[in-house]
Amino acid sequence: MALVPDVVRRLTSAGFEVAIEAGAGERAFFSDATYKDAGATIVDGETAFAADIVVKVDPPRGADILRMKRGAVYIGFLEPLDEPDISRRLAEHGVTALSMELVPRISRAQKMDALSAMSSIGGYRAVLVAATMLPKFFPLLTTAAGTIRPANVLVLGAGVAGLQAIATARRLGARVSAYDIREAAKEEVQSLGAQFVELEFETQSAEDTGGYAKALAEEKARRQTELLVPHIGRADVVITTALIPGRPAPTLIIEDAVDAMQPGSVIIDMAAVKGGNCVLTKPGETVVINGVSIYGPMNLAAEAPVNASEMYARTLMAMITEFSDGSSFNVNFDDDIFKGVCVAHDGRIVNERISALLTA
Ligand code: NAD
């Protein structure tokens with residue numbers, strides 16, 4: 001849910017009038033009554049989309065866009081690089097559209113970083129799902145019936161989701177190792193008490209200026225997957241999180257690696273939404289190959305809807321209050337954050353990457 005009662009209260013105190021679509025918060029356990037108590041009015045969908053500023057979780061599709069006023073502001077996830085057509089339709093309808101995926105990685109924008117907030121919930125949930133799927137304990141146990149060795153958890157991709165997965169698996173007592181292509185990740189992995197996996201191949205300039213990983217050339221990518229096979233083979237659980245913005249997820253787990261795992265082992269492929277880091281992943285499904293379960297969850301953050309909504313709502317509030325005081329919306333292309341997130345304004349696509357995708 002895009003707004004939670006606490007954020008509604010803060011927005012109304014700041015001078016905004018807030019309308020909530022009836023029943024919209026129910027699946028995240030926020031009732032219409034709690035929104036009303038917080039100062040919101042409860043309206044139907046048609047009225048909700050007619051607001052000056054519309055916020056939402058999933059991108060607006062179908063009739064939603066037509067319901068918006070020309071000149072209105074839309075803020076939310078827009079999947080601009082995967083579904084540029086949504087941005088095009090918003091532009092054509094005269095909506096000023098801000099994409100939460102495009103929040104720049106500068107310190108002033110950290111409070112608006114919805115992707116990181118969702119990744120962090122995803123990393124936590126992935127470990128809990130793996131722990132319940134694995135036919136073993138995570139921690140070391142010394143009992144009268146003998147000693148149980150801790151599970152080996154390998155995390156591939158140590159960004160926001162991966163680091164949260166490492167921390168969670170460590171708390172559950174597993175022996176954790178992790179790998180990332182960015183050199184900077186090594187220290188973060190080690191500071192969480194996990195072992196950093198070093199692969200012997202050259203990865204100079206694997207990071208772009210925004211802190212994201214760059215795609216590897218074909219030969220290097222193949223070498224990387226081969227070098228990972230023995231590490232994956234030793235793991236009871238592999239959690240993969242590797243992503244490259246605007247591209248399909250890189251392959252990290254080839255069939256040989258799955259073959260090298262023990263029956264009963266588990267792979268949670270958090271990159272399933274972008275095709276997956278494992279070649280055998282079926283997005284949204286669990287497949288079992290030679291006793292190895294491979295699960296490709298599509299939206300782990302939604303499995304913790306209370307905190308996911310609270311965190312998303314706070315990032316949206318930060319974005320709204322950065323550019324509006326409740327009376328007008330300040331369109332300011334000289335501002336780095338606004339320039340970064342704005343995809344459509346005044347009938348045009350204003351983001352070069354999206355324009356290029358639409359004209360390709
Ligand atoms: P992401 O979701 O794009 O990718 C997840 C991880 O996969 C990244 O760490 C990436 O390096 C890794 N990866 C990609 N290709 C790989 C490959 N072939 N092999 C191994 N690993 C691969 O990234 P993210 O989690 O959003 O963040 C990446 C970095 O940016 C982190 O260091 C994070 O702390 C930093 N960050 C900074 C800010 C900020 O400054 N405001 C905000 C968010 C994240």
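Whatever order the structure lists ligands and atoms in, that order sets their numbers, starting from 1.
When the salt bridge (Lys or Arg N to Asp or Glu O under 4.0 Å) test is applied to Asp336, no partner is found at least two apart in sequence or on another chain. Legend: residues meeting ring pair (Phe, Tyr, Trp, His ring centres under 6.0 Å) with Tyr124, ordered by chain and number and at least two apart, are absent.
A donor-acceptor pair under 3.5 Å links the side-chain atoms of Ser309 to the main chain of Pro305, judged by distance alone. In this structure, Asp180 contributes its side chain and Ala185 its backbone to no donor-acceptor pair below 3.5 Å.
Listed by chain and residue number, the protein contacts of ligand 1 are Arg105, Gln110, Asp113, Ser116, Gly157, Ala158, Gly159, Val160, Tyr179, Asp180, Ile181, Arg182, Gly211, Tyr212, Ala213, Gln224, Thr241, Ala242, Leu243, Ile244, Pro250, Leu252 (heavy atom within 4.0 angstrom).
In terms of heavy-atom proximity, Leu300 sits nearest to Ala126 at CD1-CB, 3.7 Å.
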Would you list the atom pairs, donor with acceptor, under 3.5 Å between side chains in residues 146-156 and any protein atom, with sequence neighbours excluded?
{"from": "Asn152", "atom 1": "OD1", "to": "Arg175", "atom 2": "NH1", "distance (Å)": "3.1"}
{"from": "Asn152", "atom 1": "ND2", "to": "Arg234", "atom 2": "O", "distance (Å)": "3.4"}

